[in-house]
> 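Dropping the structure in here first, questions after.
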Amino acid sequence: MHAYRTHNCGQLRSNHAGQSVKLSGWVFRKRDHGNLLFVDLRDHYGVTQVVVDRDSSAFALIEGLKLESVVAVDGQVLSRGSDKINPELPTGEIEVKASKVELLSEAAELPFPIFGNAEYPEDIRLRNRFLDLRREKLHENIVLRSQVIASLRRRMIDEGFTEFQTPILTASSPEGARDFLVPSRVHHGKFYALPQAPQMFKQLLMVAGFDRYFQIAPCFRDEDARADRSPGEFYQLDFEMSFVTQDDVFAAIEPVLHGVFDEFSKGRAVTPPPFPRITYKDSMLKYGSDKPDLRNPIEISDVTEIFRGGPFAVFAKSIENGAVVRAIPAPAAGTRARSFFDSANQWAKDEGFAGLAYINFKGGEGGGIAKNIGAERVAQLVSQMNLGPNDGVFFACDKPLNAAKLAGLVRTRVGTELDLIEKNTFKFCWIVDFPMYEWDEIDQRVIFSHNPFSMPQGEMEALETMNPLDILAYQYDIVCNGIELSSGAIRNHKPEIMYKAFEIAGYDRSVVDEKFKGMINAFKYGAPPHGGSAPGVDRIVMLLADEPNIREVILFPMNQKAEDLMMGAPSYVSEKQLRELRIAIVGDPHKSN
RNA sequence: GGGGUCGUAGCUCAAUUGGUUAGAGCACCGGACUGUCGAUCCGGAGGUUGCGGGUUCGAGCCCCGUCGACCUCGCCA
């Protein structure tokens, strides 16, 4: 007989009855009746009930076992009587009567129970991640993650993509996020950087003629965490294709994403390809966001003209100074208590906006600011927005970007409070036609709004003739349920257009030659037109696992302050290590500077 | 760096308006029990109420500071 097991803990059924077997696993749960006791033995595959009575030589050992100790059990498979079957358990028709129990590893008292799905403080969970990972939900999430990644790989390979590994130690680059730096021992004063994404490498693979690349790529960015953003590192399904238009990229990745979501949807609906395409401009107007949650049926309207020159002086005056008014309907909310509307106003102020005006209709009669603007303009609103007799409507008045942002937040808030968000569905869309540049208010200059390697629409002619802020890029995002899954672009593969694009953002030729040396040089030797994208793997798994926090789908995540509480990272290093790197720590490292 | 929420037993939570000895469940320890599957029953141990200061006759509760966790803004081409 095998040293540890003949079967796993999820395997035995009534047709095994009578067999002598050996199982190994963790003591999940004990039910001690004094002269008879039950142990639920658990491994990766399932749970099997082990029974032992006073007559057995194993009784004394098993009675004293602590939960989560690891044991090997020899015994005989018995059919349970019909009144003793546990329908909750796949192995519930049988039990193993133990004849011999061997303690393989004893467990100390646990910081939190493995059984059940109660919530525990995250720092304790992170410190004891190996225990947390034994718990059902997290264990399942991680298995799901593995299955999702396997499915993505299979689907990409089936579509003719080839997987490559790109370097982890590479060069720091300007633009983008803060880099993680790695000091060079050999080159005094020089540093490697961990890749924020394999962006330039994948473009070089296209120049190298590989045609279709993908990778489950680790990406490193030294930025602060969010619930949906793990600090430090995350994974992307990074891909790139040669000789393609934007539509070709969409057509390649849509079936992969639809397929993987459908495969693991557990009955939830998934937008069928082709996914809706919404321009950045329309999205900002109708949804107040560049990552709209299309499960929310509310659409925002621009009603600036209705308020222009009107009697509601606060708005009229702001409009003269360049503000716009965005209206967010709250269907059938007109009859709600006044506090529904007033609390929204207070909330908007707390969020840092000037405030929120509103009209609440009751039987067609408008309250709120209706009396301030007069019956004619109210009628125009009702007509333009197609409002019902008992609808509410909020108004955000501000400079266009701020008005859009506030309107978007109101849309989400109202949709959530009125329970309008469609359930059990994954709603995908593409956001297309992002602007190439934007205005940086702080530095008072033009900056790249997304990827500096994107091809501007209109190419060189657009760069030479248009106002930079009006130039669009072949730059697109995939959004699912309000979460940005992916950002991508058709790249700029022409050196002269690249120099010009960077010149507009304030980088002269020599900077491009120095900072993007590998790529700009490569483009001078025959580069195919190419483009791609990089859906976030962690976020895909989050959506499929229905987890609001990204740490629930990562094996060993860091906490919000980018510490690994289990391994103790980051940590101080020895003087010898620092000397080799010729690094001196300045200031008192025990104080934050 | 800014804002918000929270911090009571190993864990989840409770404790009337500021009022007697800070309670319960799970886990732990001891005892009883041969059909449980969140076993049950009896008993026990377990507390500097995050930390420091203040107000008060009296503080888990109020005030100030501080530390920590999470959420968020900045940041994330």
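Heavy-atom basis, side chains included; hydrogens, waters and symmetry copies ignored. Every chain is numbered from 1, with letters handed out A, B, ... down the list of sequences.
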> Can you tabulate the close N/O pairs, meaning under 3.5 Å, that link protein atoms to atoms of nucleotides 68-71 of chain B?
unit_1	atom_1	unit_2	atom_2	d
B:rA69	OP2	A:K561	NZ	3.1
B:rC70	OP1	A:Q560	N	3.2
B:rC70	O3'	A:R551	NH2	3.2
B:rC71	OP1	A:N549	ND2	2.8
B:rC71	OP1	A:R551	NH2	2.9
B:rC71	OP2	A:Q560	NE2	3.4

> Is there a ring pair (Phe, Tyr, Trp, His ring centres under 6.0 Å) between A:F220 and A:F234? Walk through the geometry before answering.
CA-CA 7 Å; A:F220 305 90; A:F234 60 97; 8.4 Å; no
> Please state the C1' separation for the pair B:rG19 and B:rG2 - nearest whole angstrom.
40 Å
> Does NZ or CZ of A:R491 come closer than 6.0 Å to the centre of the six-membered ring of A:F453, within 45° of the ring's axis?
no
> Please report, to 0.1 Å, the donor-acceptor pairs under 3.5 Å made by any side chain of residues 432-439 of chain A, with sequence neighbours excluded.
unit_1	atom_1	unit_2	atom_2	d
A:D433	OD1	A:Q457	NE2	2.8
A:Y437	OH	A:A501	O	2.7

> Suppose you measure atom C1' in B:rC67 against the same atom in B:rC26; what distance do you get, rounded to whole Å?
29 Å
> At under 4.0 Å between heavy atoms, which parts of nucleotides 43-51 of chain B does protein reach? Answer with one letter per nucleotide, 5' to 3': B base, S sugar-phosphate only, - none.
---------
> Do A:E417 and A:V414 have side-chain heavy atoms sitting under 4.5 Å apart?
no
> Only pairs under 3.5 Å count here: list side-chain donor-acceptor contacts from residues 192-206 of chain A, not counting sequence neighbours, and write none if there are none.
unit_1	atom_1	unit_2	atom_2	d
A:Q196	OE1	A:A177	N	3.0
A:Q196	NE2	A:A177	O	2.7
A:Q196	NE2	A:D179	OD1	2.6
A:Q199	NE2	A:Q203	OE1	2.8
A:K202	NZ	A:D238	OD1	2.7
A:K202	NZ	A:F239	O	3.2
A:K202	NZ	A:E240	OE1	3.3
A:K202	NZ	A:S533	O	3.4
A:Q203	NE2	A:H530	NE2	3.0

> A:I483 has an atom CD1; how far is it from atom P of B:rC76, in whole Å?
20 Å
> Within less than 4.0 Å of OP1 or OP2 of B:rC29, is there a side-chain N or O belonging to A:K66?
yes
> Between A:F448 and A:Y507, what is the ring plane arrangement, given parallel below 30°, perpendicular above 60°, and tilted in between?
parallel
> In terms of ring plane angle, is the pair A:Y476 and A:W430 parallel, tilted or perpendicular, where the classes change at 30° and 60°?
perpendicular
> Using whole Å, report how far CZ of A:R178 lies from C1' of B:rG1.
11 Å
> Under the rule for side chain to side chain contact (heavy atoms under 4.5 Å, CB included), what residues qualify as partners of A:K137, not counting sequence neighbours?
A:N141, A:E547
> How far does the P atom of B:rG4 sit from the matching atom of B:rG46, given to the nearest Å?
40 Å
> When you compare B:rG54 with B:rA15, how far apart are their C1' atoms, in angstrom units rounded to a whole number?
24 Å
> Send over the distance from A:E223 CD to B:rG1 P, rounded to a whole Å.
15 Å
> Between atom CD in A:E106 and atom P in B:rC28, what is the gap in whole Å?
13 Å
> Which whole-number value in Å describes the distance from A:D179 CG to B:rC75 P?
17 Å
> Applying a 4.0 Å non-hydrogen cut-off, can you work out what A:S449 is touching in the nucleic acid: base, sugar-phosphate, or nothing?
sugar-phosphate
> What distance, rounded to whole Å, do you find between the two C1' atoms, one in B:rC51 and one in B:rC76?
35 Å
> Under 3.5 Å, which protein N or O atoms sit close to an N or O of nucleotides 34-40 of chain B? Give each pair with its distance.
unit_1	atom_1	unit_2	atom_2	d
B:rU34	OP2	A:N35	ND2	2.3
B:rG35	N1	A:E95	OE2	2.9
B:rG35	N2	A:E95	OE1	2.7
B:rG35	N2	A:E95	OE2	3.0
B:rU36	O4'	A:H33	NE2	3.3
B:rU36	O2'	A:R31	NE	3.4
B:rU36	O2	A:R31	NE	2.6
B:rU36	O2	A:R31	NH2	3.3
B:rU36	O2	A:Q49	OE1	3.3
B:rU36	N3	A:Q49	OE1	2.9
B:rU36	N3	A:Q49	NE2	3.0
B:rU36	O4	A:Q49	NE2	2.9
B:rU36	O4	A:R80	NH1	3.2
B:rC37	O4'	A:R31	NE	3.0
B:rC37	O2	A:Q49	OE1	3.4
B:rC37	O2	A:N86	ND2	2.9
B:rC37	N3	A:R80	NH1	2.8
B:rC37	N4	A:K84	O	2.6
B:rG38	O3'	A:R29	NE	3.2
B:rG38	O3'	A:R29	NH2	2.9
B:rA39	OP1	A:R29	NE	2.8
B:rA39	OP1	A:R29	NH2	2.9
B:rA39	OP2	A:R29	NE	2.9
B:rA39	OP2	A:R31	NH1	3.4
B:rA39	N7	A:D32	O	3.3
B:rA39	N6	A:D32	O	2.5

> Who pairs with A:R29 by salt bridge (Lys or Arg N to Asp or Glu O under 4.0 Å), at least two apart in sequence or on another chain?
none
> Mind checking who B:rA24 pairs with, Watson-Crick or G-U wobble, both distances under 3.5 Å?
B:rU12
> Go through the structure and list residues passing side chain to side chain contact (heavy atoms under 4.5 Å, CB included) with A:A562, not counting sequence neighbours.
A:P231, A:M558
> So for A:R229 and B:rC76, does any side-chain atom that can act as donor or acceptor lie under 3.5 Å from a complementary atom in the base?
yes
> Can you check nucleotides 3-13 of chain B for protein contacts, nitrogen or oxygen pairs under 3.5 Å, and list what you find?
unit_1	atom_1	unit_2	atom_2	d
B:rG10	O2'	A:P111	O	3.3

> Got a sec, which residues hit salt bridge (Lys or Arg N to Asp or Glu O under 4.0 Å) with A:D222, two or more places apart in sequence or on another chain?
none
> Going by side chain to side chain contact (heavy atoms under 4.5 Å, CB included), A:I94 matches just one of A:L89, A:T48, A:L78, A:V21. Which one?
A:T48
> For the P atoms, the ones on B:rC11 and on B:rG44, what distance do you get once it is rounded to whole angstrom?
23 Å
> How far does the C1' atom of B:rG30 sit from the matching atom of B:rG68, given to the nearest Å?
37 Å
> What pairs meet the salt bridge (Lys or Arg N to Asp or Glu O under 4.0 Å) rule with one or both residues in residues 45-67 of chain A, with sequence neighbours excluded?
A:D53-A:K97
> For A:D477, what residues pass the salt bridge (Lys or Arg N to Asp or Glu O under 4.0 Å) criterion, not counting sequence neighbours?
none
> Give me the distance, rounded to whole Å, that separates B:rA14 from B:rG25 when you measure between the P atoms they each carry.
16 Å
> Within a 6.0 Å radius of atom NZ on A:K281, are there more than 12 heavy atoms belonging to other residues, nucleotides or ligands?
no
